[in-house]
Amino acid sequence: MAPDRMDADDRVNILLVDDQPAKLLSYEAVLSDLGQNLIRAQSAREALECLLRNDIAVILIDVCMPDFDGFALVSMIREHPRFDRTPIILVSAVFMSDVDRLRGYEKGAIDYVSVPIVPELLRAKVAAFADLHRKTRQLEELNAQLERRVAERTTELESSGARVRAGEERLRLAVEGAGMATWDADLRTGRAFWSATFFTILGYEPVHGGEASTEMWTGCIHPDDVARVMDGMHRARADRSLFSADHRIIRVDGGDVVWVSSFGRFLGDAPGEPSRFVGVLFDITARIRMQETLRDADRRKDQFLAMLAHELRNPLASMRNAVKIMYAEPLGEDTLGRCRDIIDRQVDQLALLVDDLLDVSRITAGKIKLRLEPVDLWPVVSEAVAASRILIDDRRHVLTVRPPEQPVWVDGDRVRLAQVVTNLLNNAAKYQDDGGRIRLDVERDGDEAVIRVRDEGIGIPPDMLARIFDLFLQVDGSIHRAQGGLGIGLSLVRSLVEMHGGEVEVRSEGLGKGSEFVVRLPCRAAPASWPRPGETDPARAGARHRILVVDDNEDAAESQAMLLQMAGHEVFVAFNGSAALDRAAAEQPAVVLLDIGLAGMDGLEVCRRLRAGAGTPRGDDRLRPGRGPAALARGRLRHAPGQARGPRGAHEAAGRPARGCPADHLQVIRGRSRRRRSARAWPGFKPAARGVRSGA
Ligand code: ADP
């Protein structure tokens with residue numbers, strides 16, 4: 001039966017070795033039906049060359065060949081490792097004995113065929129070997145393919161393994177960088193593995209290998225949080241949802257309470273009971289503290305607003321009452337005087353309140369700049385004592401002061417330093433029962449100037465000492481406190497002292513045991529010469545001026561003018577910019593008190609025109625620079641009063657007059673008059689001492 005036709009690729013090579021071409025031809029005739037490639041070789045040498053060049057499936061060798069017989073050729077072929085298994089069939093018409101056959105097998109032949117050949121037999125044998133070879137070749141190819149695929153897969157696995165390792169490394173870095181701790185608990189064995197951070201957060205020494213137990217964690221949960229945390233865990237376990245809880249733990253190494261945030265998930269291969277519980281945990285104590293601080297600040301702000309409303313309403317109510325009384329007829333001189341006093345006092349109080357509020361906002365915005373100069377501390381402290389004296393006397397306290405033995409000099413802003421001492425003295429007066437004792441010491445301690453204000457009043461509870469300088473903080477935050485105030489005084493004190501490069505501290509043995517505030521400032525050497533504080537210019541102190549008041553708020557302009565007139569000045573009023581220029585030209589005032597925020601032509605423009613001599617009907621140069629009036633701008637300034645320059649051409653910029661009285665402006669005017677004489681110095685300027693808050 002003829003074999004199926006083969007594909008060219010499926011064909012195998014069959015090597016036929018015989019020195020006689022006729023025999024080769026007969027082999028070809030017998031084997032041609034197999035459809036394989038039949039290759040001829042007429043000598044051993046030719047056969048070997050052919051073997052080396054081709055992949056031979058089976059070799060048919062004639063035993064009897066002249067130079068090199070078949071046995072020798074078989075031996076030689078077998079010696080080559082590539083051909084040690086190639087099937088060789090020996091054919092012989094001469095050597096037919098069993099001994100010959102045996103010899104053939106010993107040399108490595110796998111079959112021995114005698115002549116005459118039985119064609120079917122030979123064909124069947126060769127076909128079997130050819131088939132075996134083809135299958136072996138296919139297997140080898142399959143094997144090679146398999147190996148290639150294994151190699152590809154291995155490479156893929158290696159690179160995905162490397163990616164996973166890199167991902168894990170990134171995750172580990174992120175987890176460590178974020179201060180996270182990780183856990184992995186086996187729910188069947190109860191064994192858990194923790195990262196080193198987990199041990200640290202809970203206060204354990206990290207264990208090598210990270211082995212721990214779930215109880216080591218659950219045992220640390222704060223008793224008040226245990227139920228909530230366990231509840232969350234059971235829910236997450238039941239519905240395989242994310243477990244998340246912010247809770248407290250008590251560290252095992254010292255009992256400190258730490259806030260942590262935990263996130264975990266129950267995992268399992270099959271539905272049903274989970275087998276693992278994995279998750280992360282991190283310390284959120286700082287965040288919780290920050291939230292508490294913010295909540296506290298928010299509460300204090302609300303408290304402050306309530307307090308502010310209260311503090312504003314009280315003086316306003318008193319003033320409204322006084323005004324109503326003043327409208328009543330007939331009104332005795334005595335009643336009128338008392339009403340005026342009430343209004344004066346309450347306006348003072350409101351002005352102080354507003355001043356403090358503005359100071360706080362300016363300090364917070366970094367807008368307050370100190371006018372630093374060499375300051376002899378004691379005269380400044382004395383000014384503060386004078387300012388606080390009314391309250392101290394009012395409360396019948398006994399104030400003992402101890403000045404320094406030698407002048408103590410600091411680089412300071414005398415107004416702000418006085419403000420610091422006034423605040424401390426006022427508090428000492430406010431926070432003790434009437435008839436108490438206050439002690440004020442100023443001394444030099446090494447390189448520091450020390451101001452101590454001590455009282456024997458209500459004292460400060462220990463837990464408040466660290467926060468007493470915080471903005472809006474009041475030990476008794478209830479609106480019904482007797483002392484009034486907004487909780488900003490001490491905050492101002494601390495800010496101002498620190499701006500001077502100093503520090504302030506508080507001491508108190510506790511409630512009812514009095515308080516002591518100690519301010520320390522860096523000292524400086526006494527300057528070679530210095531202007532005497534409080535020095536006045538007798539020639540100018542009582543001088544009368546021609547003053548033009550310009551304000552589009554007619555009430556403000558009129559009341560300002562009246563007060564200036566009462567102080568002995570000759571005063572003119574204008575309610576807008578162009579009227580101001582006309583009045584200035586007509587009256588030639590020495591000083592113009594000018595509101596910046598005028599409607600229409602604003603104060604800046606008026607000032608500029610005054611300086612340029614414009615608006616002068618007579619067109620002369622009386623208002624030219626150097627000859628014109630001193631212009632004192634006031635109103636809503638973008639800069640803090642006095643700290644930055646006012647409008648171009650204005651000699652001084654001031655806020656709206658504090659305490660409802662232009663006394664501050666008059667000080668400036670007086671100073672201005674002196675300054676014009678002495679060109680540079682302004683020695684006599686003594687800022688209005690801050691008043692004393694009266695009790696609400
Ligand atoms: P205020 O006096 O307007 O409330 P402060 O900032 O000056 O604001 O003071 C803050 C708080 O500190 C006060 O409300 C008071 O509770 C407490 N305090 C300040 N000084 C004293 C003092 N000398 N003795 C006892 N408590 C004081």
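Given the structure is predicted, the values throughout are model-derived calculations rather than measurements. Ligands are counted one by one from 1 in listed order, and the atoms in each one are counted from 1 as well.
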Check your understanding: Mind checking whether G487 has a heavy atom under 4.0 Å from ligand 1?
Key -> yes
Exercise for review: Would you mind running through ligand 1 and noting each atom that sits below 4.0 Å from a heavy atom of I458?
Suggested key: 25 (C)
Exercise for review: Verify the neighbour count for atom CE of M326: are there more than 12 heavy atoms of other residues, nucleotides or ligands below 6.0 Å?
Suggested key: yes
Study note, to complete from the structure: Residues pairing under salt bridge (Lys or Arg N to Asp or Glu O under 4.0 Å) where one sits in residues 492-501, two or more places apart or in two chains, turn out to be D470-R494
Check your understanding: Of the listed options (L490, D356, L471), which comes nearest to atom 5 (P) of ligand 1 when hydrogens are ignored and any heavy atom counts?
Key -> L490
Revision key, fill the gap. Closest heavy-atom approach to atom 14 (O) of ligand 1 among F469, Y431, F472 is made by Y431
Check your understanding: Does even one non-hydrogen atom of F517 get within less than 4.0 Å of ligand 1?
Key -> yes
Check your understanding: Does a sphere of radius 6.0 Å around CD in E292 hold more than 12 heavy atoms from other residues, nucleotides or ligands, not counting ones at 6.0 Å or beyond?
Key -> yes
Point to revise | Worked check of side chain to side chain donor-acceptor pair (under 3.5 Å) between D359 and Q419 | key: CA-CA 11 Å; D359 278 353; Q419 185 179 356; 2.8 Å; yes
Check your understanding: L473 near ligand 1, heavy-atom distance under 4.0 Å?
Key -> yes
**Study point:** Whether over 12 other heavy atoms sit under 6.0 Å from R439 CZ
**Key:** yes
Point to revise | R228, CZ: over 12 other non-hydrogen atoms inside 6.0 angstrom | key: yes
**Study point:** Atoms in ligand 1 flagged as close to I468, the criterion being non-hydrogen separation under 4.0 Å
**Key:** 12 (O), 17 (C)
Review point. Which part of D455 is near ligand 1, with near meaning a heavy atom under 4.0 Å away: side chain, backbone, both or neither?
Key: side chain
Exercise for review: Give the ring-plane orientation class for F517 versus F469, where under 30° counts as parallel, over 60° as perpendicular and anything between as tilted.
Suggested key: perpendicular
Review point. Any N or O of G489 that comes nearer than 3.5 Å to an N or O of ligand 1?
Key: yes
Check your understanding: Does atom CG of D302 have more than 12 heavy-atom neighbours, drawn from other residues, nucleotides or ligands, at distances under 6.0 Å?
Key -> yes
**Study point:** Side chain, backbone, both or neither: the part of L424 lying under 4.0 Å from ligand 1 by heavy atom
**Key:** neither
Check your understanding: Is the count of non-hydrogen atoms from other residues, nucleotides or ligands lying under 6.0 Å from D224 atom CG greater than 12?
Key -> yes
Practice item. Flag V475 as yes when one of its N or O atoms lies below 3.5 Å from any N or O atom of ligand 1, and as no otherwise. Key: yes
Review point. For K430, is the nearest heavy atom under 4.0 Å from an atom of ligand 1?
Key: yes
Check your understanding: What atoms of ligand 1 come within less than 4.0 Å of a heavy atom belonging to I488?
Key -> 6 (O), 8 (O)
